[in-house]
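Atoms within a ligand are numbered from 1 in the order they appear, just like the ligands themselves. Just so we're clear, the structure is a prediction, and the values are computed from it rather than from any experiment.
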Amino acid sequence: MLRKSVSMYLREHREELLSSYFKLLRFPSIANAPMAEGCGPCAEWIAGRLRGLGVRAEVLPTAGQPAVVGELHVDDSLPTLLAYAHYDVQPPDPLDLWRSPPFEPEIRDGRLYARGACDNKAGVILHLWAVEAYQRGGGLPMNLKVIFEGEEEVGSPHMEPFLAAHADRLAADALIITDGGFFDHDCPAICYALRGLCYFEVAFTGPDRDLHSGAAGGVVRNPIHALAAMIGALHDETGRVAIPGFYDDVRPLTDAERDEWARLPFTDEQEMRRHGVGVLAGGEAGRGTLERKWARPSLDCNGIWGGYTQAGSKTVLPSKASAKISMRLVGDQDPATIDAAFRKFVADHTPAGIRSEVSAFGLARPVLLDREQPAAEAVRGAFREAFGLETRMVRMGASIPTTELFQRILGLDGVVTGLGLPDSNIHAPNENLPVDHLLRGAEWMAAVYQLVSETSAPSGKPAK
Ligand SMILES: [Zn+2]
């Protein structure tokens, strides 16, 4: 049970808590903007706030935006929880679709609107609030470490060397990653598997310059046709990816998971509305929507260009055609193996008269996390206590690259969870969270701390 002094503090200081969140939301901490403009001052503010609460905190540089790292050590006999969230945000464009300025938080109809209000400054402020409530109400029930990243929205390019360099400092008994969300309204969730990513650009070059289609058409091979044929060959008629060996390391979905997902509040109609389409025709025939999205890999062409694309006509046989192609990976699929298989596929589908080139960016491994760890039980218990709701175990079709890094480098399986709602408009104009939901979230996080202290064992010591 959450200590009375802690829940009282959170209830009696709602206005002050919200006003501290407003301050955090006013920093335009866009990861790809110059550091001095948004991320730097935001990181300093968070670290200062933590220090004011008795946490040993500092802003540590990376090769990009800085990270905030902090520690509050209470006692060796207590478990240590590591908390991850990110304070950087997506750019707010298009600005004219916002009803209030993105970096000037505003409450309308019980919802707090601002860029980052959900993704992911909520994940940061919950910890600041919980620490504040415990520090004013008798002290933390466990040891706490925090790491707040400043580059998640650009793919966490510097987290791998950062975690490796600070592995000792970040060592913990449990990890909570508050960058997830509810599966639906009234349906909190823990995400235990995320898909990985491979991203490629492919260029097909034919003649060394654009040619006259009257002089060369029918004689010289057109690289747009060759590229389109290659892309067309990437899937067979049943929607399966046709790259040889692509499915070799995909784990089949277990019956237990299939049953669990069948009980989620989910329908294909909802999914169609969400995407604004009338049919869910992508992916492998004969498999359910959640299975295709969560447990099967996928491949998409993200963009394609070449030749003449301006107004009117220009009779050209182009020199070059290009495409961007991304893949979402699952199970034990290794991005390096998939990379090699894709390059071979492209080479095998490069006809005479064409030279092909493949470059890769952004490889991330898929990750499967321990569903039954004590910290997951603590999160479920805290949702029961603060929201009166049962937690669903879900997967995610997208990737949070740091999740895999924490597992591989620190040996910590995170509990990926959070407050985000389906209509929180993350990455979009009018991002928001309901104020009551957010403040209840503060009690949830405080309850997580309490339950972690009761259920997780400090390393090397037997569980209580
Ligand atoms: Zn995001």
Side-chain angles (χ1 to χ4, degrees), residues 21 24-33 38-39 42-43 46 62 64-68 83-95 97-98 102-103 105 111-127 146-159 162 175-183 188-191 193-197 199 274-275 293-294 302 326 328 361-362 364 366-367 394-406 414-434 437-438 441:
Y21 195 28
L24 177 59
L25 291 170
R26 285 195 185 104
F27 291 100
S29 49
I30 301 163
N32 55 14
C39 282
C42 187
I46 295 167
T62 73
Q65 304 289 1
V68 181
Y84 166 90
H86 64 90
Y87 70 83
D88 65 305
V89 297
Q90 284 280 328
D93 323 80
L95 282 176
L97 293 183
W98 284 80
F103 296 108
R111 285 177 174 259
L112 171 56
Y113 290 85
R115 168 57 85 229
C118 175
D119 179 19
N120 181 233
K121 286 178 175 171
V124 174
I125 202 72
L126 290 182
H127 292 290
V146 298
I147 170 168
F148 298 137
E149 191 195 352
E151 294 189 310
E152 196 276 342
E153 297 294 5
V154 289
S156 303
H158 305 107
M159 261 296 128
F162 186 85
L175 167 66
I176 183 167
I177 296 178
T178 43
D179 192 17
F182 277 41
F183 180 74
I190 291 173
C191 172
L194 298 101
R195 292 201 287 187
L197 180 73
Y199 203 112
R274 189 169 168 189
H275 302 306
K293 189 160 104 162
W294 289 352
N302 311 106
S326 70
R328 298 287 178 171
F361 359 70
V367 60
V394 303
R395 295 194 184 201
M396 196 189 284
S399 324
I400 305 175
T402 38
T403 310
E404 191 274 326
L405 298 176
F406 280 121
V415 182
V416 179
T417 184
L419 295 183
L421 295 173
D423 51 0
S424 284
N425 295 335
I426 64 167
H427 295 205
N430 306 309
E431 181 174 349
N432 70 85
L433 266 186
H437 181 75
L438 182 65

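- Checking side-chain atoms of T402 against main-chain N and O of L405 turns up no donor-acceptor pair under 3.5 Å.
- D119 contributes atom OD2 as its closest N/O/S atom to the Zn ion (ligand 1).
- For E152, every N, O or S atom stays at 2.8 Å or more from the Zn ion (ligand 1).
- F406 and Y84 have perpendicular rings, their planes meeting at more than 60° on a 0 to 90° scale where under 30° would count as parallel.
- Side chains of E153 and Q90: a donor-acceptor N/O pair is present below 3.5 angstrom, by distance only.
- The Zn ion (ligand 1) has an N, O or S atom of H427 closer than 2.8 Å.
- Among the heteroatoms counted here (N, O or S) of E153, OE2 is the one nearest to the Zn ion (ligand 1).
- Atom CG of L112 and atom NE2 of H437 lie 12.0 Å apart (nearest 0.5 Å).
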